[in-house]
Amino acid sequence: MEKTFDLVIFGGTGDLSCRKLIPALYNGFQANLISPESRIFLTSRRPLEVDVRAWLATVLDRFPPACGVTPGGIDAFAKLVKDVLVELNQPSPGWQELAGHLLPASDRPLVHFLAIPPKLFASTCVLLGQHGLSHEHARVVVEKPLGHDRESADAINREIGEHFSEAQTFRIDHYLGKEAVQNLLALRFSNFVFEKLWNASCVDHIQITIAEQVGLHGRGGFYEGVGATRDMVQNHLLQLLCLVAMEPPALLDAGSIREEKLKVLRCLEPLEGEAIERRVVRGQYEDGAVDGTAVTGYTDDLQIRESQTETFVALEARIENWRWSGVPFYLRTGKRLPRRFAEIVIQFKTLPQSFQDAWAGRVAPNRFVISLQPDDRLAMRLMVNDHTRERDHLREVELNLDLTYGENVPRRGPYLRLILDAVDNDQRLFVHRDEVDLAWAWVDRIIQHWNASAEPPLVYAAGTWGPYEAHDLIKRSGRTWSNGLGPINGGSH
Ligand code: BG6
């Protein structure tokens, strides 16, 4: 259904806006999810060098939306979009102009998307308040990273909280907008079979991997000194962990879901001292080759001599509660790895009894895989009898469920979904302030431990699966990393 709303993107001509938000909004407009009466304001400090339509055409050419772009499509979309010159840390005429467009307030939703560095959140919220733009129909969407540790995140949350209530504050984690995450919830809480197996009696371990082939793609300035733990573990990986591990919520509303996620974070065993040495591996890529193309190492990419910033992390977490006690959760993310994929693997226990006399072949434990990307897909790895052999022989097969069902329906994509959720005032897939706080508290210990040691990150060649120690981390308990599903219908691999 078409929605009518006003959206102000602060940092409207910046990287996030161009790369993700504008293509997402164009998609939504083409799919009739955004009405022609909606208005999108792009704030920037410098005027565009061309008119809005020409600027949008360039952006959509560089970052094409899934639905494809036509000149007519851009003409129609450009009618919604207006650029406004605004200084974010002081009053400027642009603020009056913005207020002139957006006031008096009506019940039309007004979404302020802060696609700007967090150090500008406070002054922007102050100015929004001063110009009457934080009224009851307004909400503010903030992007990660929310600070660089628990204390700075708390300060940011307090500053936002002075102008927008918690109910008006939408902390975005775009991984929660991925379709597969909806499937994870649907799967867990709408099917009897999974719930019965989803616990320490049946599950051997869980792996969550977000692997990227890309390096810094122009974001080096942001990344240096931040690293994979703050960029990916504190938010995306811990959020996925919460959704996999949480108890069924009382209701599928924002409050109940967030309460269950918080319980998981509260039960995360803190990693400290020697446990960090043993259970966390950090790495930094050096020269190597990705997909057959030679690429330079991290410090060369940034043209700096040395850096302590990690581009890879693998770790073993434990959730000390009734459901999960004793089950390792292996989390892993890295840049310049061999493949781009994100998946959650639930590996079930090995069989209590084997029938080796009856069947030849190794019995591999069942694995249930939720793939978030590149495909939105579920797979179950099962043992069957291999009819091609002379004697009874076991074979591992993959039961695949392609969640696009082969239909050519354009996907909404995470940013469009989450922006429309903010328009609808639906906070289910946004992160509560307390979650941010607990997630920082957990990763802060690890980062502080590294900061206190003189050890640099381990190195790995670009195009490999991280430092050898990451294999060791999981191998020493007889387990192995799953490095992404094979092509669909490609059989087992
Ligand atoms: C962002 C990180 O949140 O997620 C980036 O800041 C990372 O470093 C990106 O590349 C990955 O997102 P996706 O959806 O492309 O897997």
Side-chain angles (χ1 to χ4, degrees), residues 11 14-21 23-24 27 62-66 113-118 141-148 153 170-182 184 208-241 243 282-285 290 295 298 301-302 307 309-313 331-344 370-377 411-419 429-431 435-436 439-440 443 462 466 483-485:
D15 184 65
L16 176 69
S17 178
C18 296
R19 200 179 281 278
K20 303 280 187 186
L21 306 183
N27 244 337
R62 272 186 74 201
F63 304 109
F113 197 121
L114 306 193
I116 49 178
V141 178
V142 290
E143 255 293 333
K144 62 165 270 283
L146 223 57
H148 56 270
F170 290 70
R171 294 177 197 82
I172 211 166
D173 183 316
H174 78 279
Y175 263 74
L176 297 188
K178 296 198 187 244
E179 204 100 2
V181 167
Q182 307 316 305
L184 173 62
I208 309 178
T209 299
I210 304 177
E212 297 188 274
Q213 275 190 327
V214 291
L216 299 175
H217 57 78
R219 291 170 74 240
F222 153 74
Y223 200 83
E224 170 57 12
V226 172
T229 313
R230 291 188 177 99
D231 188 39
M232 303 292 282
V233 179
Q234 189 273 344
N235 34 75
H236 305 323
L237 281 170
L238 285 184
Q239 282 294 321
L240 293 177
L241 172 111
L243 293 175
R282 64 176 164 150
Q284 188 186 82
Y285 65 84
V290 177
V295 294
Y298 177 79
D301 283 351
L302 283 181
S307 162
T309 301
E310 77 287 356
T311 59
F312 175 97
V313 194
L331 310 185
R332 183 176 55 149
T333 184
K335 295 205 184 278
R336 288 285 189 230
L337 300 187
R339 297 178 59 189
R340 174 180 184 256
F341 77 91
E343 67 176 30
I344 301 168
I370 301 152
S371 162
L372 287 82
Q373 58 199 27
D375 312 310
D376 186 8
R377 170 172 157 205
R411 316 310 318 256
R412 265 196 293 173
Y415 275 98
L416 177 60
R417 185 204 158 107
L418 293 171
I419 290 171
L429 296 176
F430 291 85
V431 182
E435 295 174 62
V436 175
W440 271 124
V443 300
N483 286 336
L485 290 168

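Note that ligands are numbered from 1 as they come in the structure, with each ligand's atoms numbered from 1 the same way.
- Listed by chain and residue number, the protein contacts of ligand 1 are Lys144, His174, Tyr175, Lys178, Glu212, Arg219, Asp231, Met232, His236, Lys335, Arg340, Gln373 (heavy atom within 4.0 angstrom).
- Under the 3.5 Å distance criterion, the side-chain polar atoms of Glu224 are left unmatched by any main-chain donor or acceptor of Thr309.
- Minimum interatomic distance between Leu337 and Val290 (heavy atoms only, all atoms of both residues): O-CG1, 4.0 Å.
- Counting only N and O atoms by type, the side chains of Asn483 and Arg332 include a donor and acceptor under 3.5 Å apart.
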Notebook entry, point to check: side-chain contact (heavy atoms from CB on, under 4.5 Å) between Lys144 and Asp231: does it pass, once the steps are laid out?
Noted result: CA-CA 8 Å; Lys144 62 165 270 283; Asp231 188 39; 3.1 Å; yes
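- Ring pair Tyr175/His236 is tilted by interplanar angle, where 30° to 60° counts as tilted.
- Arg417 places none of its side-chain heavy atoms less than 4.5 Å from the side chain of Glu179.
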